[in-house]
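Here the structure comes first, spelled out in structure tokens, and everything after it is commentary.
In what follows, chains are A, B, ... by sequence order, proteins preceding strands, each numbered from 1. Worth saying up front: this structure is predicted, and the values here are computed from it rather than measured.
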Protein chains: 2
Amino acid sequence: MSVTDFEQRRNSILEAVIEVYVTTASPVGSELISRKLRESLSPATIRNIMVELEEAGFLEQPHTSAGRVPTDRGYRYYINSLMEAMRLSTDESGRLGEAVQLLQQLEADAYFHRVSDMLSEMSGQAAFVMAPTIKRTTVKQIELVPVSARKLLCVLVGQETLVVSHVVETEEPLSREEVAALAHFLNAELVGLPTQEWLVSLERRLLAVNDSLYYLVKRSLHLLQIVLATEPEERLFIEGIFNLFTAPEARREPQKVQQLLYYLDSPELLRELIREDLAREGTHVRIGQELGVEGVDEWSYVLSPFRHHHAIVGGVGVLGPKRMDYRRARALTEHVAQLVSTTMARWEAGA
Amino acid sequence: MSVTDFEQRRNSILEAVIEVYVTTASPVGSELISRKLRESLSPATIRNIMVELEEAGFLEQPHTSAGRVPTDRGYRYYINSLMEAMRLSTDESGRLGEAVQLLQQLEADAYFHRVSDMLSEMSGQAAFVMAPTIKRTTVKQIELVPVSARKLLCVLVGQETLVVSHVVETEEPLSREEVAALAHFLNAELVGLPTQEWLVSLERRLLAVNDSLYYLVKRSLHLLQIVLATEPEERLFIEGIFNLFTAPEARREPQKVQQLLYYLDSPELLRELIREDLAREGTHVRIGQELGVEGVDEWSYVLSPFRHHHAIVGGVGVLGPKRMDYRRARALTEHVAQLVSTTMARWEAGA
DNA sequence: GGTTAGCACTCTAGCAACACGAGTGCTAAT
DNA sequence: ATTAGCACTCGTGTTGCTAGAGTGCTAACC
């Protein structure tokens, strides 16, 4: 028997262990695997291979007389090398498509919220959507509305039905004409430029400007600094937290859920991880400790990016117990991400 | 011994039982109460009175040889009749005041969110804020911005830094002049009128209008119907859910937490209760089954309304186990509600 | 008559002892 | 290389027991 045959056998047994464990949530014994592989190998042989897998760090035993459970490393190997893509049933993908079709009439925030809801429901896990804000897209129009002597409502109309408005107190009172001039300047100068570059561009401008424009640039800077400061880079919609309780491990160890919820209570850390993942192409999976928080090691997420103009602008994810159906989760997030990408394009075309 | 003396003694024992139970979370025996009342009555006497309290439905025994636990009815009587007002320490109320002072520079949504956060932290429970939207206040200004041939950005500038914007597709393309005329009409007609009455008022107008205005009114109706339809009556910010896990009863019976979270996952029911409570003056307490959901009977909330122009426009609340420190919770919600009321006034003055 | 000491009673929490069963690792036979 | 057989390990669930907390009742007390 060649080396690759060995490899292959080890792999298929690891795969079988994971797949059984995912559905049963209790340690998997050699006999179960033997039966699952249609008796092609006896339990004793399976046990020998399991020892190898344990030595390689892919499996572990909760205690001597228990079956085996995948380690984080086992899941990782399974996901990277063994797991095949799964197609959603035409029924499911049809329903998803129709649902998203309906949702895209909503405003951006409500849309992302509901998409998150939907993903949570379809996966039976918690779900999240990392949605772009005005800071990640370009602005189509800037409007200034005086609301009192020294207060301006600054409205940024973005792509994709995104609208951001903010009341800003100006440094000095501005006349109607001054406001109009300022609005004109902002539109001429900044529309089309990525929001990220606005401040840098204006600051550069400030150095090389003649007197007549100086105040315009100065005021623009002041205004936009305030507007952009309060606007986050992206919005995170987490839904279906309740589903985290339904897993058997949650019932066995409620503190684990508690720790996760504590973690989610201030979602900055999670945000940071997602941001990091979205910097690179493709679907990402974080397993157990890879979530990077002491004590939160029983959970995983699967995250797929969605795009606008081929650039990644956000992502959708499923968050559940480490012991989750990664195949299905990946199929779902990728499909939903695809649908969201389509929505982004349609929003732009429609607006 | 007079009847009222009896009454008084029963009351003070019920009060003692509740206060001890709130801190210890385990059934309270007669000896403990006797000691708490400084030995003025022996355990045996306390027991006799406890039997009366049990017959009256204020206390119950988990089992024969356990101490007593307050019933919902017991809590209700305690809250309505026995509980004295509590003042926050000057230290605490000072910190609260300063914190709110800082927060009121934020936009309305962020402000309410953070107030909810703060209340959760101070109470050690979950907290919520029911915040008014544009539908509950009056609008100071209406602005229309064309974003494409048939799309209008409709911006409603409300009191209290509330701004709502919505992109609406018009029934037919409108010229710049038509948009300007529409905006002028809307401002003249609706500013100052409670948002609630807008549609009714316009519909009445539509019947009795001459030809030149007909289309203006028609368009206004169409526009505002869409804008107001998507805007909820109020927003509910729930924070500090994590705290619901820290109570000992949560550890003993995790399903109880689960059921509550399931309930909160779709907060429509909770919203409805709060709405109902806010229709009447004063601080409201909902105890156990009074939350109105089968299976969710171990939790309570304390809710205090805040006002603008003397009208109740929202409320702040603390949500925790039935066995919570109602005195402190009430002191907190009332104080915070007061601070929020002040913020509302200041927002109006400042804008 | 209200109050209280004394006491028998009840029930739970916690612990030890035990049997059971699942699953293992090893050995020897194939 | 594979596998049947078997002794071994260890967690789970059951039973039986004890200690302790708190009760209700009765009879004595003020």
Pull out every protein N or O sitting under 3.5 Å from an N or O of nucleotides 5-9 of chain C, one pair per line with the distance.
| residue | atom | partner | partner atom | Å |
| --- | --- | --- | --- | --- |
| C:dG6 | O6 | B:Arg47 | NH2 | 3.4 |

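For the contact set between residues 51-71 of chain A and DNA chain C, defined by any heavy atom under 4.0 Å, the members are A:Val51, A:Gln61, A:Thr64, A:Ser65, A:Ala66, A:Gly67, A:Arg68.
In this entry the distance linking CZ of B:Arg35 with C1' of D:dA21 reads 12 Å, nearest Å. Rounded to whole Å, atom P of D:dT3 lies 15 Å from atom CD1 of A:Ile33. Between the CD1 atom of A:Ile46 and the C1' atom of D:dA4 there is a distance of 15 Å, rounded to whole Å. Atom CE of B:Met50 is separated from atom C1' of D:dG22 by 10 Å (rounded to the nearest Å). Atom CD of A:Glu31 is separated from atom C1' of C:dT24 by 12 Å (rounded to the nearest Å).
Aromatic ring centres of A:Phe128 and A:Tyr301 lie closer together than 6.0 Å.
Aromatic ring pairs are classed by plane angle as parallel below 30°, tilted from 30° to 60° and perpendicular above 60°; the pair A:Phe58 and A:Tyr77 is parallel.
Salt bridge annotation for B:Lys322-B:Glu249: absent, with no cationic side-chain nitrogen under 4.0 angstrom from a carboxylate oxygen. Taking the charged nitrogens against the carboxylate oxygens, B:Arg252 and B:Glu298 have no contact shorter than 4.0 Å, which rules out a salt bridge. Ion pairing of B:Arg9 with B:Glu52 is absent here, as no side-chain N (NZ or NE/NH1/NH2) approaches a carboxylate O to less than 4.0 Å.
Contact between the side-chain N/O atoms of A:Arg252 and the OP1/OP2 oxygens of D:dT12 is not found at any separation under 4.0 Å. Taking side-chain N and O atoms only, B:Thr45 has a distance below 4.0 Å to OP1 or OP2 of C:dT4.
Taking the side-chain contact (heavy atoms from CB on, under 4.5 Å) definition, one finds that A:Ser12 meets it with nothing, sequence neighbours left out.
Between A:Pro27 and A:Asn48, it is A:Pro27 whose nearest contact on DNA chain C lies nearer the 5' terminus.
When the options B:Arg47, B:Arg10, B:Arg68, B:Arg73 are evaluated for a salt bridge (Lys or Arg N to Asp or Glu O under 4.0 Å) with B:Glu54, the one that passes is B:Arg68.
In this structure, a donor-acceptor pair under 3.5 Å is present between the side chains of B:Glu334 and B:Thr283. Neither side chain, B:Ser81 nor B:Asn11, offers a donor N or O lying under 3.5 Å from an acceptor on the other.
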